Amino acid sequence: MPALNDVLAALDALWPPERAEQWDAVGTVCGDPDAEVTRVLFAVDPVQEVADEAVELGADLLITHHPLYLRGTTTVAASTFKGRVVHTLIRGGIALHVAHTNADTADPGVSDALAGALDLRIVGPLVPDATDPEGRRGLGRICELDHPETVREFAERAAARLPATAQGIRAAGDPDRTVRRVAVSGGSGDGLFDAVRAAGVDAFLTADLRHHPSSEARERSDLALLDAAHWATEWPWTEQAAAQLDAISDRHGWGLRTHVSRIVTDPWTAHAAAPAAPRPTP
C-alpha cells in the first residue's frame, strides 16, 4: 500500500496546486505523509457529516472539492465546527486533501464531469487556459446536445440527470426556445457571462446565479439561463476523480479502495413552489 506522500504526488499531478487561483486554499490540510493509505473517500464538502462518514468507512484519506479553511484561521479548536472536523479526522487517522479551482480548470475537470452527467458532447473550454498548448484546459465547457431540445426539455434533462436537491433547476428565458449549443460551468458561474456571450451558445447552465447579473444577461440577449444547486453541479466530479485515482492505483499496483460520498451536503433542504401568477387581462 502507498504512503500518503505517494498518493498526494499523484493527486498533485492530476490537479497541480500552482494552477489554483491565488485566493484559493488547496492542498493537504492534515495528515501524516508517511501514513499508509488503503481507502479513500471523495466528497464535495468537508463538513462534519462527511468527516463522520470517513471515520465509519475506515478511510485513510478524504478528498474534497471545497476547502475547509478558504480564508485561513487562527484556531482549530474543537469548539468551532471546522476545528471539530479537523479533530475528528486526526483522531481517526484520516488525511484531508483539497482540489478546488485547480480541479475546475483541469483536463478533465469539474465541468467535464458536469457535461458528462448531462450527456453533452464537449467542444472545448469556455475560458481556455492560455498556458495549455492543446487548448483543453480551462474554466467551463462549451458543449453540443445530441439533438435539439427546448429550454424546458433541457431543464428537465438537467433535473433528471443531476443529483436531486431542494432547489432543482431554475430556468430563465423562453421555455420553448430551441437549444443546440450550451455552456456549462460547475459551481458559481455568473462571473462568466462575457465568455458565454462570446461563445454564441443558446443556453448556460451553472449555479448560484444572482439577480442583477442574470437580469442584465437576459436584457443583453435571448440567452437562456439554467440555475442548478452549487453542490449538484460539482458532485459529478467526485465520481470522475475517484475513477482517475482508481486508474492510477491500478497502474502502480496499489490496490486502493475508493468511495464517493452520497451525502447531500447542499445547504438547502426544502422548496415551496409559488402558485402560478394569474396573467393580466388585456
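In this text, all values refer to a predicted model and were calculated from it rather than measured experimentally. Quick note: residue numbers are just sequence positions, from 1.
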Single-linkage hydrophobic cluster, 4.5 Å side-chain cutoff, [X] and [Y] together:
X	Y	answer
L41	L4	no
L205	V201	no
I90	V85	yes
V151	L114	yes
V37	L8	yes

Is there side-chain contact between [X] and [Y], with at least one heavy-atom pair below 4.5 Å?
X	Y	result
V123	E144	yes
L162	L118	yes
F193	P213	yes
E149	T178	no
V98	P46	no
L62	V50	yes
L256	P2	yes
D107	D132	no

Would the distance check show the side chain of [X] and the main-chain N or O of [Y] forming a donor-acceptor pair, the cut-off being under 3.5 Å?
X	Y	value
Q240	G116	no
S111	D104	no
D112	G109	yes
D202	V182	no
R137	G135	no
T233	A207	no
K82	Y69	no
T105	L139	no
D60	R39	yes
T64	A43	no

Going by atom types only, do [X] and [Y] share a side-chain donor-acceptor pair under 3.5 Å?
X	Y	answer
H66	E234	yes
T265	E49	no
T150	D176	no
T101	D24	yes

Report task. Classify the ring geometry between W231 and W235 as parallel (under 30°), tilted (30 to 60°) or perpendicular (over 60°). Result ->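 Tilted.
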Query - CA sep, side-chain torsions, deciding dist, call: E53, H259, side-chain contact (heavy atoms from CB on, under 4.5 Å) - result: CA-CA 11 Å; E53 180 186 18; H259 304 263; over 6 Å; no
Could you tell me which non-hydrogen atom of [X] sits nearest to which non-hydrogen atom of [Y], and how far apart they are?
X	Y	value
V127	A195	CG2-CB, 3.8 Å
P33	A3	O-CB, 3.8 Å
P17	N102	CA-ND2, 3.9 Å

Query raised in the report: Are the aromatic rings of W15 and W237 close, with centres under 6.0 Å apart?
Result: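 Yes; W237 has its ring centre under 6.0 Å from that of W15.
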**Report entry** Aromatic centroids of H65 and H230 separated by under 6.0 Å
**Finding:**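 That pair fails the under 6.0 Å test.
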Heavy atoms of other groups near [X] [atom1], more than 12 under 6.0 Å:
X	atom1	value
H147	NE2	yes
R84	CZ	no
R197	CZ	yes
E18	CD	yes
R71	CZ	no
R218	CZ	yes

Query raised in the report: Are V184 and T206 close enough, and set up right, to give a side-chain contact (heavy atoms from CB on, under 4.5 Å), and what steps lead you there?
Result: CA-CA 6 Å; V184 301; T206 187; over 6 Å; no
Query raised in the report: Charged N to carboxylate O under 4.0 angstrom, D146 versus R157?
Result: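 Result for this pair is yes, salt bridge flagged.
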Query raised in the report: Would E216 and R210 pass as an ion pair if we require N to O under 4.0 Å?
Result: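 Between R210 and E216 there is no salt bridge, as every charged N stays at least 4.0 Å from the carboxylate O atoms.
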Requested in this report: Go through the steps to decide whether T258 and D246 satisfy the test side chain to side chain donor-acceptor pair (under 3.5 Å), and finish with yes or no.
Outcome: CA-CA 7 Å; T258 61; D246 281 337; 2.7 Å; yes
